[in-house]
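Reading through the structure tokens given below for one structure.
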Number of protein chains: 2
Amino acid sequence: MQTHFTIDCVILAFDEGQVKVLLAERNEYPYKDWWALPGYFVNKYEEMEDAVARILLEMTGLKDIYMDQLAAFAGVKRHPEGRILTVAYMALVQMDEVRNKIATGTNYMRQLKWFPVDELPDLAFDHKEILQLGLDRLKKSVSYSATPYELLPAKFTLTQLQQVYEALLNKKLDKRNFRKKINNLGYLKELNEFQKGVSYRAAKLYSFDKKKFMKMFSQD
Amino acid sequence: MQTHFTIDCVILAFDEGQVKVLLAERNEYPYKDWWALPGYFVNKYEEMEDAVARILLEMTGLKDIYMDQLAAFAGVKRHPEGRILTVAYMALVQMDEVRNKIATGTNYMRQLKWFPVDELPDLAFDHKEILQLGLDRLKKSVSYSATPYELLPAKFTLTQLQQVYEALLNKKLDKRNFRKKINNLGYLKELNEFQKGVSYRAAKLYSFDKKKFMKMFSQD
DNA sequence: TCAAAAGTGTTCGACATACACCCATGT
DNA sequence: ACATGGGTGTATGTCGAACACTTTTGA
């Protein structure tokens with residue numbers, strides 16, 4: 001009637017034109033030496049939101065990241081020692097902001113590493129299933145949402161934005177149609193700045209106007 | 001590090017032009033005499049899917065109903081005796097099919113009753129929050145989905161279908177536009193049968209062609 | 001001058017919206 | 001005959017899809 005209770009984190013970022021997930025190499029049985037989603041046990045008197053923040057920090061070094069609940073997984077057989085109920089959370093982060101903050105290792109895991117979601121190693125427990133659920137949900141949340149902007153730096157080019165859409169939706173988009181649509185959204189700010197350090201024509205930078213976005217979608 | 005673990009069920013149906021939820025009047029402390037979502041504890045070696053089916057049957061008398069996971073709730077303070085993690089599940093049912101199958105009472109609850117979702121009593125624990133999450137998710141799932149048909153009997157009139165959409169979306173729709181759109185969907189079968197027992201022109205009955213629907217939306 | 005990516009318009013079909021009247025039936 | 005809901009068409013605007021060339025820049 002009682003059960004162990006853990007939280008697992010699906011941390012996704014966009015880098016080199018691909019969606020990547022942060023995985024930990026386990027240093028503990030069971031599944032020692034396997035790759036797994038960062039996660040750990042919840043304490044007895046801990047609120048779930050607090051536990052998510054604590055575990056995220058302890059396991060990855062990241063903090064102040066908004067995590068969305070994905071689902072609960074509770075298969076009796078998912079852990080050799082008996083049922084461990086896990087609640088999976090998901091976050092989208094900007095690679096540039098977190099790249100240098102990622103922890104290097106703890107007692108429980110040897111290292112953390114970003115894997116493109118279409119080049120995954122075998123994962124411990126039912127973590128592949130959990131990740132897949134997260135990716136499916138992500139795909140559904142893309143259109144007319146702030147989702148893509150969570151994966152980009154504050155200033156970005158339209159081509160970068162298009163790449164995020166293409167990676168999330170897993171299909172190519174037409175450049176002209178994409179830009180037309182994006183322009184009509186009304187919550188993109190065109191900056192008077194340009195890309196730097198490229199050996200071709202520098203693209204104009206844009207930013208996401210969160211206030212306008214909120215205003216446009218707050219009534220329902 | 002261990003916690004109690006329950007399942008709560010959000011059972012929704014459509015009746016008299018309204019979305020209704022099935023609630024149980026508790027006969028146990030805490031929250032004795034309050035209305036609550038039907039739910040109970042999961043057994044130690046029980047798969048979550050099995051537990052959902054068992055609890056649904058024991059608490060409501062219903063079986064063979066597909067339940068979707070909504071979310072996990074685990075506030076330390078949600079239960080006076082300490083943290084009880086609950087996983088909420090949601091199902092849509094057809095009122096005519098279930099009306100006579102609903103249990104009349106158990107040791108744990110005195111009676112079950114359908115409440116229109118906009119005329120709710122106070123609810124035990126955080127059940128209002130759980131229900132609200134279910135309704136929000138339902139609203140999002142309406143367009144181009146099979147959701148509305150799960151709430152209707154096998155044969156229904158277009159006006160009934162429109163009422164379901166209106167109740168779920170919480171706004172009025174234009175009759176002509178609605179019918180045009182519905183006709184273009186391609187997965188509604190027009191039957192050669194008519195409504196009976198009404199004191200005005202009898203409406204034609206339709207049915208939902210699940211096979212066609214599946215075929216149209218299976219590729220992605 | 002070349003390579004690489006930035007940037008830009010038009011046409012077409014599909015779909016959402018707005019809107020008002022006659023029809024069939026039971027009492 | 002009347003009350004009640006059933007059933008129908010047109011015009012307009014918006015949006016997504018298809019499609020190819022010129023411009024800018026650094027090396």
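Everything numeric in this text was worked out from a predicted model, so none of it was measured.
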Problem set entry | Donor-acceptor pair (no angle test) under 3.5 Å: B:Lys175 side chain, D:dG7 base | yes
For this session: Examine the base of C:dA14 for any acceptor or donor lying under 3.5 Å from a partner atom in the side chain of B:Asn184, and report the outcome as yes or no.
Result: no
[X] [atom1] to [N] [atom2], straight-line distance once rounded to whole Å:
| X | N | atom1 | atom2 | value |
| --- | --- | --- | --- | --- |
| B:Glu190 | D:dG7 | CD | C1' | 11 Å |
| B:Phe194 | C:dA24 | CZ | P | 11 Å |
| B:Phe178 | C:dC15 | CZ | C1' | 16 Å |
| A:Lys181 | C:dT8 | NZ | P | 19 Å |
| B:Gln163 | D:dG6 | CD | C1' | 13 Å |
| A:Asp174 | C:dT8 | CG | C1' | 12 Å |
| B:Arg176 | C:dA20 | CZ | P | 8 Å |
| B:Gln162 | D:dG6 | CD | C1' | 12 Å |

Problem set entry | A:Glu190/A:Lys204 ion pair, N-O < 4.0 Å | yes
Problem set entry | Side-chain ion pair, B:Arg137 and B:Asp68, N-O less than 4.0 Å | no
Exercise. Which comes earlier along DNA chain D counting from the 5' end, the contact point of B:Thr157 or that of B:Asn177, where each point is its nearest nucleotide?
Worked result: B:Thr157
Seminar exercise, completed: Interatomic distance, CZ@A:Phe5 vs CD1@A:Ile84, rounded to 0.5 Å, equals 12.0 Å
Exercise. Taking the six-membered ring for Trp, are A:Tyr31 and A:Trp34 parallel (under 30°), tilted (30 to 60°) or perpendicular (over 60°)?
Worked result: perpendicular
For this session: Measure the acute angle between the ring planes of B:Tyr149 and B:Phe156, then classify it against the limits of 30° and 60° as parallel, tilted or perpendicular.
Result: tilted
For this session: Identify, between A:Leu158 and B:Lys180, the residue whose nearest nucleotide on DNA chain C lies closer to the 5' end.
Result: A:Leu158
Problem set entry | Heavy atoms of other groups near B:Lys32 NZ, more than 12 under 6.0 Å | yes
Exercise. Got more than 12 heavy atoms from elsewhere within 6.0 Å of NZ, A:Lys210?
Worked result: no
Exercise. Can you list, by residue number, the residues of residues 195-204 of chain B that have a non-hydrogen atom closer than 4.0 angstrom to DNA chain C?
Worked result: B:Val198, B:Ser199, B:Tyr200, B:Arg201
For this session: Give a yes/no answer on whether the side chain of A:Arg179 brings an N or O atom under 4.0 Å of OP1 or OP2 in C:dT8.
Result: no
For this session: Ignoring backbone atoms, establish whether B:Thr159 has a side-chain N or O less than 4.0 Å from OP1 or OP2 of D:dG6.
Result: yes
